[in-house]
Q: 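Structure provided below as structure tokens; questions to follow.
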Amino acid sequence: MAQHLTVMTADEWQAHVTREAAKAMGQWLEGRGRLHQPIAALTLPELEAMAENAIARFIVLASHRIKDQPNDAEDLTWLLLG
């Protein structure tokens with residue numbers, strides 16, 4: 001379900017994105033049955049996959065933010081397109 005983030009301030013949006021990225025990482029860990037293990041037990045490929053999930057979630061949320069608030073998302077537009 002896509003969320004439209006038209007009423008969030010930049011600080012609120014940053015907090016939202018951070019939570020969503022953390023959720024994506026947790027979902028990846030749960031899917032691998034590794035949520036209970038310390039982060040040091042993960043292999044580099046596992047850490048990379050977890051990071052990819054968080055980055056993918058950020059890109060989706062940033063794209064929605066750019067669409068919903070193009071005048072307030074110039075930095076995001078530059079980041080994603082630059």
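These values consider heavy atoms only, across backbone and side chains, with no hydrogens, waters or symmetry-generated copies.
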Q: List the atom pairs, donor and acceptor, that lie under 3.5 Å between side-chain atoms in residues 22-33 and the rest of the protein, sequence neighbours left out.
A:
| unit_1 | atom_1 | unit_2 | atom_2 | d |
| --- | --- | --- | --- | --- |
| K23 | NZ | E20 | OE2 | 3.2 |

Q: Checking Q69 side chain against I66 main chain: does a donor-acceptor pair fall under 3.5 Å?
A: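 Here the side-chain-to-backbone pair does not exist.
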Q: At what distance, to the nearest 0.5 angstrom, does CD1 of I55 lie from CE of M50?
A: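 If we round to the nearest 0.5 Å, I55:CD1 and M50:CE are 11.0 Å apart.
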Q: Do N53 and F58 have side-chain heavy atoms sitting under 4.5 Å apart?
A: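 Counting from C-beta outward, N53 and F58 never come under 4.5 Å.
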Q: Rounded to the nearest 0.5 Å, what separation is found between the CD atom of E52 and the CD1 atom of I59?
A: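 Going from CD on E52 over to CD1 on I59, the span is 10.5 Å.
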Q: For E46 and T43, work out which heavy atoms get closest and say how close.
A: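 Between these two residues, the closest heavy atoms are OE1-N, 2.7 Å.
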Q: Which residues satisfy the salt bridge (Lys or Arg N to Asp or Glu O under 4.0 Å) test with E74, sequence neighbours excluded?
A: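 Expected list: none.
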Q: Tell me, do L76 and W13 make a side-chain contact under 4.5 Å, heavy atoms counted?
A: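 Contact flag for L76/W13 side chains = yes.
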Q: With the 4.5 Å side-chain cut-off for hydrophobic clustering, are L61 and L79 part of the same group?
A: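 In one cluster with L61: L79, yes.
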Q: Do the side chains of P70 and T77 get nearer than 4.5 Å, heavy atoms only?
A: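 No, too far: nothing below the 4.5 Å cut-off.
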Q: Less than 4.5 Å apart, side chain to side chain, heavy atoms only: is that true for H16 and D11?
A: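 Side chain of H16 against side chain of D11, heavy atoms only: no contact under 4.5 Å found.
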